[in-house]
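Notes to accompany the following structure.
Order of listing sets the numbers, starting from 1, for every ligand and every atom in it. What you are looking at is a predicted structure, and each value in this text was computed from that prediction instead of being measured.
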Amino acid sequence: MAKVLTLDEVDLDGRTVLVRVDINSPLDPKTNLFLDDTRIRRILPTLNRLSKSKVVLLSHQSRPGKKDFTSTLGHARELGRLLGRNVKWVDDIYGKKALAAIENLEDGELLMLNNVRMDDEENNTKGGFDLMAETQMVQNLSMIADAFVNDAFACAHRSSPSIVGFTNTLPCIAGELMNYELSKLGQALENPKRPCIAVLGGIKVDDSVTVAENMLRGGTCDHIWVTGGVANLFLYISNIDIGEVNVNFLKGELGNSWEDTVSKASKLLVDFPECIIMPSDVALHMTGNRVDHPIQNLPIEAPIFDLGITSIRALSKAIKSAGTIILNGPAGVFEQTDFALGTVEMLNACAEGNGYAVMGGGHTATLVSQRGLTRKMGHVSTGGGACLELLAGRVLPGVASLEESAEQFRFSISKPLDHQ
Ligand code: 3PG
């Protein structure tokens, strides 16, 4: 567990506190209403701890160019509803309007700034803490605030001004959700109950190969079961002809990282031939129907949309007898009922088995919650990329920032020991 400052160690009553949250949420494309409010619910503990502070919330929603790139007005309203308190909103991030609204805050009031990604500087994540500290957002907001709380675990892998810029300008403190995520994921990584298996699927294939590499080389996992696009890649490099349509899909998804990913995955297969478990059959999408075929029948020119029944059974059995399961990404095109079987069955197996199951990735978390399985899992992370990168052994910039800031400010901001 990282040596970060926590809310237990500081007294922020009466202070102006910037709170970076990640309430980037799936929105209905027609109505802009929230399809899933999990991320908003998960920041409530931090906000309840800051009930006597002047709270200034920073968040993003999607990114420029995407359809769901909206203002945060709806988020402020939804948060107010869930919190049972008024959440003010200002159509500004760090300009005159925002600064005036912050100055007018009373103790116990909350103000949400507009989507931080409406600021160009926020969208540059290439630079260290010092460069991010020079941005106008960090300069202006640092002048007016007493502390920065980072509760945006799901965004801790982004080195943007609103995540790492305040490292040396304000005491930076880990919020309750950030702390919880770090401790739960840390537990899963540090002392996994054996056998520990990872089930890696979805279409973020390059990220998954990096995760697999770190887990196998670092000895975290005993076996990696591959599903979804990740399985297709491993089948391909094992000289199974998965059909042009599937190879082209993978190439399209991987773009510039195709060659690098293929070479990394090939090396992994040579170094750990027994540890990577590939499907023995697949479900193909053929003239609108699900048709299962053993791998030996390939190539068949049809998209692979799910694991085949035999592989689903084998995976469920492995999950149920594992001590720890780290699962990320769907096993197939779960949005289509016929092809949701692999995904649904592996989640059911995690819920029914006795192993400690860690779920990562936006899709996975939403599915677990929709199926009412959350309480049956060891930990459901709010992070997608952040969770994957942490599990892959990377030090997340947002966490490194909290550690560096704690070293600098611990003595100036900590409560005396007898008050902690
Ligand atoms: C997420 O949804 O994973 C986080 O909000 C980060 O979003 P990003 O991938 O657009 O940076």
Next on the checklist: Under 4.0 Å from a heavy atom of Arg158: which atoms of ligand 1 are those, numbered in the order shown and with their elements?
Outcome noted: 8 (P), 9 (O), 11 (O)

Checklist entry - Would one find an N or O of His157, backbone or side chain, under 3.5 Å from an N or O of ligand 1? => result no

Item to check | Protein contact of atom 4 (C) of ligand 1 - nearest heavy atom, named by residue and atom, plus distance | outcome: Asp22 OD2, 3.1 Å

Checklist entry - Regarding Ser162 and Arg20, is there a side-chain donor-to-acceptor distance under 3.5 Å anywhere? => result yes

Checklist entry - By side chain to side chain contact (heavy atoms under 4.5 Å, CB included), which residues pair with Thr366, not counting sequence neighbours? => result Asp36, Gln370

Next on the checklist: Between Asp8 and Arg49 (salt bridge meaning N to carboxylate O under 4.0 Å), is one present in this structure?
Outcome noted: yes

Checklist entry - How far is atom 6 (C) of ligand 1 from its nearest protein heavy atom, and which residue and atom is that? => result Ala154 O, 3.8 Å

Next on the checklist: I'd like to know if Gln61 contacts ligand 1, where contact means a heavy-atom distance under 4.0 Å to any ligand atom.
Outcome noted: no

Next on the checklist: When you compare ligand 1 with Arg63, is there at least one nitrogen or oxygen pair between them that comes in under 3.5 angstrom?
Outcome noted: yes

Checklist entry - Residues two or more places apart in sequence or in another chain: which of them pass side-chain hydrogen bond (donor to acceptor under 3.5 Å, both in side chains) with Asn214? => result none

Checklist entry - Does some side-chain heavy atom of Gln336 sit less than 4.5 Å from a side-chain heavy atom of His285? => result yes

Checklist entry - Can Arg290 and Asp292 be counted as an ion pair, charged N to O under 4.0 angstrom? => result yes

Checklist entry - What protein heavy atom sits nearest atom 3 (O) of ligand 1, and how far away is it? => result Arg39 NH2, 3.7 Å

